[in-house]
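No hydrogens, no waters, no symmetry mates; every other heavy atom, side chains included, goes into these values. Computed from a prediction, not measured in an experiment: that's the story for all the values here.
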Amino acid sequence: MAAIMTDRSERPPLSPIDLAERWGCSTTLIYDLLAAGTLRGFKLGKLWRIPVAAVEEYESGSPAPVDALESKDTGEAGQRSNDTTDAATKARIARLEG
């Protein structure tokens, strides 16, 4: 079974903690980016995982593809919530870049 693991060409996905350490930021920022859809990731049960390719896309400024599993809710209340999350995420990113 070890031979199967060593033959994999894909790099394992990162946890939010690993990515926060890589970027020197809080895990809260990582979770905010995931929730807003700004950073592509997936859930394994309750745990978030972020593919290395998605991290590299984000770091290079390439737009992340929209996940097909995003909420279809277009209600006004939901929109306000997304706007608030986006504003908070942008503020945190500006502090990191600043």
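- Within the 4.5 Å cutoff, the side chain of Leu19 has heavy atoms near those of the Leu39 side chain.
- Within the 4.5 Å cutoff, no side-chain heavy atoms of Glu56 are placed close to those of Pro51.
- A single hydrophobic cluster is not seen to contain both Ile17 and Ile50; linkage of ILVMFWY side chains at heavy-atom distances under 4.5 Å, directly or through other members, places them apart.
- Considering only heavy atoms from C-beta on, Tyr58 comes within 4.5 Å of Leu33 through its side chain.
- For the pair Arg40 and Glu57, the minimum side-chain heavy-atom distance is below 4.5 Å.
- The shortest side-chain heavy-atom distance between Val52 and Pro13 does not fall under the 4.5 Å cut-off.
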| From CA spacing to verdict: side chain to side chain contact (heavy atoms under 4.5 Å, CB included), Leu14, Arg22 | CA-CA 10 Å; Leu14 300 173; Arg22 175 177 171 158; 4.0 Å; yes
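- Nearest heavy atom pair, residue Pro16 against residue Leu34, reads CG-CD1, 4.4 Å.
- The shortest distance between side-chain heavy atoms of Trp48 and Phe42 does not fall below 4.5 Å.
- For the pair Ile30 and Cys25, the minimum side-chain heavy-atom distance is below 4.5 Å.
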